[in-house]
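Keep in mind that this is a model prediction, so the values were computed, not measured.
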Amino acid sequence: MIKILFICHGNICRSTMAQFVMEYMVEQKGLSEHFYIDSAATSTEEIGNGPHHGTVRKMREMGIPMRAHRAVQLRRDDYEKYDYLIGMDRWNEKNILRIIGSDPQGKVSSLLDYTPRKGQEIADPWYTGNFDETYRDVDEGCRGLLDYLLTHELSDLQ
């Protein structure tokens, strides 16, 4: 089983969107039993809060189901629990490393690193208010990540 943790600053916008988009993509391919997907925050600001109303609206608009979710903070022991810790921007990656200490197994990456836009960041709708742009970024990143995983981790299933 491949365990993925999407991480952003507050765990109410980008990381939850990535979680639900990836879960939907995996389900559409009939691969749900091969994945465990969740999300977390690097900060404590939104702990216990549900997804941002803009994320909820965009997921509904796109027909992507959401399950119950409350923001949680990344913990040091999450490094051992997950195969992939995926941040939405470089600041997230810096804070992920601050929390986990180090990344000797190379588990930390940025979502757009799995696309031709490697090195770019997922637009943060908390500041932009543009959940459409964030969705486009997240969708592109999740498609790239899933293609990568199907090629490198689950090639025997294709």
Kindly write out the residues that satisfy ring pair (Phe, Tyr, Trp, His ring centres under 6.0 Å) with [X], not counting sequence neighbours, or none if the list is empty.
| X | value |
| --- | --- |
| Tyr36 | none |
| Phe20 | none |
| Tyr114 | Tyr148 |

Applying a strict under-4.5 Å side-chain criterion to I, L, V, M, F, W and Y, I'd like to know whether [X] and [Y] cluster together.
| X | Y | value |
| --- | --- | --- |
| Val108 | Val138 | no |
| Ile64 | Phe6 | yes |
| Met88 | Trp126 | no |

- request: Apply side-chain contact (heavy atoms from CB on, under 4.5 Å) to the pair Ile4 and Leu145, showing each step before the final yes or no.
  value: CA-CA 10 Å; Ile4 302 168; Leu145 174 59; 4.3 Å; yes
Contacts under 3.5 angstrom, residues 65-72 side chains, donor-acceptor by atom type, not counting sequence neighbours:
| from | atom 1 | to | atom 2 | distance (Å) |
| --- | --- | --- | --- | --- |
| Arg67 | NE | Glu23 | OE2 | 3.3 |
| Arg67 | NH2 | Glu23 | OE2 | 3.2 |
| Arg67 | NH2 | Ile37 | O | 3.4 |
| His69 | NE2 | Asn11 | O | 3.4 |
| His69 | NE2 | Asn11 | OD1 | 3.1 |

Could you pull out the closest heavy-atom pair between [X] and [Y], with the gap in Å?
| X | Y | answer |
| --- | --- | --- |
| Ser39 | Thr16 | OG-CG2, 3.8 Å |
| Leu111 | Cys142 | CD1-N, 3.9 Å |
| Phe131 | Gly54 | CD2-C, 3.4 Å |

- request: Tell me, yes or no, whether the heavy-atom count around Arg60 atom CZ, taken from other residues, nucleotides or ligands under 6.0 Å, exceeds 12.
  value: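 Count not over threshold, so no.
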- request: For side-chain contact (heavy atoms from CB on, under 4.5 Å), just list the numbers for Arg75 and Ile99, CA-CA rounded to whole Å, side-chain angles, deciding distance to a tenth of an Å, and then say yes or no.
  value: CA-CA 7 Å; Arg75 298 166 30 123; Ile99 292 168; 5.7 Å; no
query: Would Met22 and Leu149 satisfy side-chain contact (heavy atoms from CB on, under 4.5 Å), going step by step from the backbone distance to the final call?
result: CA-CA 12 Å; Met22 190 69 167; Leu149 294 171; 4.0 Å; yes
In the structure I gave you, are the side-chain heavy atoms of [X] and [Y] within less than 4.5 Å of one another anywhere?
| X | Y | value |
| --- | --- | --- |
| Leu146 | Val26 | yes |
| Tyr84 | Glu153 | yes |
| Leu85 | Asp103 | no |

Value rounded to 0.5 Å, distance of [atom1] in [X] from [atom2] in [Y]:
| X | Y | atom1 | atom2 | value |
| --- | --- | --- | --- | --- |
| Ile12 | Met17 | CD1 | CE | 11.0 Å |
| Leu150 | Ile2 | CG | CD1 | 8.0 Å |
| Ile7 | Asp38 | CD1 | CG | 10.0 Å |
| Asp78 | Lys3 | CG | NZ | 11.5 Å |
| Met1 | Glu33 | CE | CD | 8.0 Å |
| Cys8 | Ile96 | SG | CD1 | 9.5 Å |

- request: Keeping to residues at least two apart or across chains, list the salt bridge (charged side-chain N to carboxylate O under 4.0 Å, His left out) pairs with something in residues 111-125.
  value: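 Checked against salt bridge (charged side-chain N to carboxylate O under 4.0 Å, His left out) - neighbours excluded - the pairs reaching residues 111-125 are Arg14-Asp124, Arg90-Asp113, Arg117-Asp137, Arg117-Glu140.
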query: Considering residues at least two apart in sequence or located in another chain, which fulfil the side-chain contact (heavy atoms from CB on, under 4.5 Å) criterion with Arg143?
result: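 Checked Arg143 against side-chain contact (heavy atoms from CB on, under 4.5 Å); matches are Met25, Asp139.
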Without swapping roles, check the side chain of [X] against the backbone of [Y] for a donor-acceptor pair under 3.5 Å.
| X | Y | result |
| --- | --- | --- |
| Asp89 | Ile122 | no |
| Tyr79 | Gln105 | yes |
| Asn95 | Asn92 | no |

field: Evaluation steps, side-chain contact (heavy atoms from CB on, under 4.5 Å), between Thr42 and Trp91
entry: CA-CA 10 Å; Thr42 58; Trp91 186 250; 5.9 Å; no
query: Would you call Asp83 and Lys107 a salt bridge, using N to O less than 4.0 angstrom?
result: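 Looking at Lys107 together with Asp83, the answer is no, because their closest N to O distance does not fall below 4.0 Å.
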query: Between His9 and Glu45, is any side-chain donor less than 3.5 angstrom from a side-chain acceptor?
result: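 Yes, Glu45 and His9 have a side-chain donor paired with an acceptor closer than 3.5 Å.
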field: Quiz item: cation-pi between Lys58 and Tyr135, 6.0 Å / 45°
entry: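 Yes, Lys58 sits over the ring of Tyr135.
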